[in-house]
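As structure tokens, the structure follows; a few thoughts come after it.
Throughout, a chain's letter reflects where its sequence line sits, starting with A, and its residues are numbered from 1.
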There are 2 protein chains.
Amino acid sequence: MGKNLTSRSEDYSKWYNELVVKADLAENSGVRGCMVIKPYGYAIWEKMQAGLDKMFKETGHENAYFPIFIPKSYLSKEASHVEGFAKECAVVTHYRLKNAEDGSGIIVDPDAKLEEELIVRPTSETIIWDTYRKWIQSYRDLPLLINQWANVVRWEMRTRLFLRTAEFLWQEGHTAHATEKEAIEEAEQMMHIYAEFAEEHMAVPVIKGVKTESERFAGAIETYCIEALMQDGKALQAGTSHFLGQNFAKAFDVKFATKEGKQEYVWATSWGVSTRLMGALVMTHSDDNGLVLPPKLAPIQVVIVPIYKGEEQLDVISEKVNPLVKELRSKGISVKYDNRDTHKPGFKFNEYELKGVPVRLAIGQRDLDNGTFEVARRDTLEKETVKAEDVVSKIEFLMDDIQKNIYQKAADYRKEHITEVNSYDEFKAVLESKGGFVSAHWDGTAETEDRIKEETKATIRCIPLDAKEESGSCMVTGKPSNKRVLFAKAY
Amino acid sequence: MGKNLTSRSEDYSKWYNELVVKADLAENSGVRGCMVIKPYGYAIWEKMQAGLDKMFKETGHENAYFPIFIPKSYLSKEASHVEGFAKECAVVTHYRLKNAEDGSGIIVDPDAKLEEELIVRPTSETIIWDTYRKWIQSYRDLPLLINQWANVVRWEMRTRLFLRTAEFLWQEGHTAHATEKEAIEEAEQMMHIYAEFAEEHMAVPVIKGVKTESERFAGAIETYCIEALMQDGKALQAGTSHFLGQNFAKAFDVKFATKEGKQEYVWATSWGVSTRLMGALVMTHSDDNGLVLPPKLAPIQVVIVPIYKGEEQLDVISEKVNPLVKELRSKGISVKYDNRDTHKPGFKFNEYELKGVPVRLAIGQRDLDNGTFEVARRDTLEKETVKAEDVVSKIEFLMDDIQKNIYQKAADYRKEHITEVNSYDEFKAVLESKGGFVSAHWDGTAETEDRIKEETKATIRCIPLDAKEESGSCMVTGKPSNKRVLFAKAY
Ligand SMILES: [Zn+2]
Ligand SMILES: [Zn+2]
């Protein structure tokens, strides 16, 4: 096929956009800012969902489903929440179309105006806490540990596939607790679960931390996050978990009777990851040849390409391949045997490289003669000839080794791209030349944070959980600071 | 707790509404016509999804995701399609809220009016076929076999939990084919898959058939359906599969190059089932004590309730129960050991009866003395004392037997409630006295169908696939008819 993929060094942003489309992950639709997730991309998302869902359930969460529409009055109940979302709301105002009387076509029926406008959910705290008021009466009803898999809409002006789209898919957890301590522990637990998922399933190393006040979720007391680093040196927020205090309980009047019979407001968390993770996955591992997928999320883990002339030779090859396919499947490895006669082996090699299939086997006449397969791994592009009797254990080894190798590669890259600086000039120089995370002292004020953002486009990605106490002075104002925070330009 | 459930004979409709809420399946939300699917209800839906998804994938379908919004102009492109959906469309007209200048609160920003209104998808044929135009060039791109799990919105004036809600969850398959024959085969295949799912997973017997022209999907050439019968004698359409001909291909200009190099329009199908299946499940099996769930869809298949006084006795019981729980789980049976000390056994018995848990074990002092468990099955409410060493095989037997028994019960009920009639008077009498399906001759015209509907509220549910050729005359007009069709009042 010829990939014609722009290289990363040439234009990273263009490389990403092309890759997402060419690898059949997603594409823009005819609806402004809304994407179509194509079958190959969706298959990866399904694997992400399955992995996360299992972790949620193992920690006692249940799934439920709440309405897509939020009455305008609900959204308005928590002041900072509506402030945060008002500017990007898709608003339903009518419930009927009709034929125009002048015959000009289908129009919105002005007689079908809603009494109260409905917002297509940008997030569901308000509708969910309106429901929790009915579900929670006593401490016996707590904790309430619920997750929802859903689509949400935030009207973005500039969109990019997976990274920023008007509609996206996500999960949103919403939990209710009797005590502040328990709610904070829940919010922290979910951050750890997200980090575990990112690192062990996606092979994406992340930094755990908390957001500064300016970067917090609208309505949160504390926002925990995981931050990843892309190959262009920009950070990407991969998941957030919020301790919401009693803000939503107060806005929606959700109280419970304690064991002692007192009425108290309920403590809340919410947490979410979205199809944005797909963007993080692509940008962390892929190269100028296409996607590189971690075996744990690859829809096809092994592809087998026969190299043959004529049906007779294909039959001989298939006799070797079919039992191998069966054996691999019995071990839970997903295999595709691509014996299409409409495409040449070279075309297929290109295609599976582009699509990031972790392991490719090829088998031709020489392999038939020698009882071997050619085994190619996608991450390093290394090829090796392996005896047929060793090929299964080789593949099992590679499933594990590729997963580890791409994680390590990303972790090494990140390690090289966390730079400590002690002056604002140094800060700017590192940001421009090298990118990545820049670790610096900051005076803790929103003013300084804003100034840095305006002057350099870098934001505080997080105050890392493992930041060590270290007395220093803010690189901008010289005021005292007791720990370093991580800055970066970000997606 | 005391169930306080209205009985079916007293008020079937009230019984249903109460049961759905009390069994924690779903409830109405603060948003008109939109429901909240509660965790217990959602867990059943997840099992339905998993069962169906597996069947779809085994027949070569892949999942994808398309935008929730449909531009008004797209919806308008297929004439009969927009005709069918225009009256129930939620319309997005604006993309921003703002603070009112007079301080009266949050309002829709009049400056943020969309150039073209967006419809919240009532179904996705139009946006999908707009996409397929880009995906299909040649016969090599066909068939295209895609499914989507999504929420859809149809603005209904009178809603009922699961049966008819403004927003509901569903799957919608959309396939594209090179030939008419292949598309028809696909539409038929999906009807058969739906029937298999209904009968084998839900234990709901269904009749397969085709819809009359008036009852067809808006834009379809042929609508295949499966029809179930509820305990009040009303029918419920449980799934539909449409042969769409070339209607959408023509509306969206989707052509492909044949092997011979000719340009032809693509042939289409679409097919869907929704959370409506939850309503069918509840109404088919449940009784005046609550839900009756088929083991294959029950989130909890076995509940174990200890009957004890004091912690010491509970410990002795738990020593017997814990290894049993472990063994059952290792066999893939979902078990809940309800050792809560906040509720009495009687309360728990009631609760699990209400929630339709197929098998309940109880164990108290006498069982400890005798080495037994009390085993109760939900479908027949029979109780039996079973030796501890036999209890696993007893449960395995019951998983199978309850599934079969409730299917058979529903099939027997349906058999008794298909009545052949030969005159319109007899037809009306049967409809009023006995309900169910009424099998009658009809002259094949929409006029007669409409008249019957107006006069009796009965509609033609389907022309059964297995209807035998039989010359007769229409019960209303006396005109000739060559097969019987099935009428019923329906949900
Ligand atoms: Zn670098
Ligand atoms: Zn009867």
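- Proximity to chain B is absent for every atom of A/Phe85, based on heavy atoms less than 4.5 angstrom apart.
- Looking at B/Gln148, neither its backbone nor its side chain comes within 4.5 Å of chain A, counting heavy atoms on both sides.
- Contact of A/Trp135 with chain B is made through the side chain alone, with heavy-atom distances under 4.5 Å.
- Side-chain atoms of B/Tyr132 come within 3.5 Å of backbone N or O of B/His174 as a donor-acceptor pair.
- Counting heavy-atom pairs under 4.5 Å between each of A/Ile37, A/Val31, A/Thr131, A/Val153 and chain B puts A/Ile37 at the top.
- Heavy-atom pairs under 4.5 Å with chain B were tallied for A/Arg340, A/Glu46, A/Lys134; the largest tally goes to A/Glu46.
- Of the possible donor and acceptor atoms, one in the side chain of A/His81 sits under 3.5 Å from a partner among the backbone N and O of A/Ala218.
- When heavy atoms are compared at a cutoff of 4.5 Å, A/Ile68 approaches chain B by way of both its backbone and its side chain.
- B/Asp53 contributes no side-chain N or O that, together with a main-chain N or O of B/Gln49, makes up a donor-acceptor pair within less than 3.5 Å.
- For the atom pair B/Lys38 NZ and B/Ile44 CD1, the distance stands at 12.5 Å (nearest 0.5 Å).
- The only option from B/Glu116, B/Glu115, B/Glu117 that meets the salt bridge (charged side-chain N to carboxylate O under 4.0 Å, His left out) definition with B/Lys72 turns out to be B/Glu117.
- Judged by distance alone, the side chains of B/Glu78 and B/Ser80 do bring a donor and an acceptor atom under 3.5 Å apart.
- Put simply, of B/Arg32, B/His94, B/Glu62, B/Glu88, the one with the most heavy-atom pairs under 4.5 Å next to chain A is B/His94.
- No other option in A/Lys98, A/Lys57, A/Glu83 has as many heavy-atom pairs under 4.5 Å with chain B as A/Lys57.
- Only the side chain of A/Glu27 comes within contact range of chain B, judged by heavy atoms closer than 4.5 Å.
- Looking at A/Asp24, neither its backbone nor its side chain comes within 4.5 Å of chain B, counting heavy atoms on both sides.
- Looking at B/Lys113, neither its backbone nor its side chain comes within 4.5 Å of chain A, counting heavy atoms on both sides.
- Formation of a donor-acceptor pair under 3.5 Å by the A/Arg329 side chain with backbone atoms of A/Val335 is found in this model.
- The environment of CD in A/Glu58 is crowded: more than 12 heavy-atom neighbours from other residues, nucleotides or ligands sit within 6.0 Å.
- Contact count against chain B (heavy-atom pairs under 4.5 Å) is highest for A/Asn63 among A/Ile127, A/Asn63, A/Ile146, A/Thr93.
- Of the listed residues (B/Val120, B/Leu114, B/Leu118, B/Leu169), the greatest number of heavy-atom pairs within a distance under 4.5 Å of chain A belongs to B/Leu169.
- The main-chain N or O of A/Asp109 is never found under 3.5 Å from a side-chain atom of A/Arg96 such that the two would form a donor-acceptor pair.
- With chain A as the partner, the residue from B/Ser76, B/Pro39, B/Pro71 showing the most heavy-atom pairs under 4.5 Å is B/Pro39.
- In this structure, chain A has no heavy atom under 4.5 Å from any part of B/Ile128.
- Contact count versus chain B (heavy atoms, under 4.5 Å) is highest, among A/Tyr74, A/Tyr42, A/Tyr65, for A/Tyr65.
- Distance alone, capped at 3.5 Å, is enough to place a donor-acceptor pair between the B/Ser29 side chain and the B/Cys34 backbone.
- Proximity to chain A is limited to the side chain of B/Glu167, based on heavy atoms less than 4.5 angstrom apart.
- Residue with the most contacts toward chain A among B/Leu75, B/Thr342, B/Asn151, B/Asp130: B/Asn151 (heavy-atom pairs, distance under 4.5 Å).
- Proximity of A/Met278 to A/Leu161: side-chain heavy atoms (C-beta onward) are nowhere separated by under 4.5 Å.
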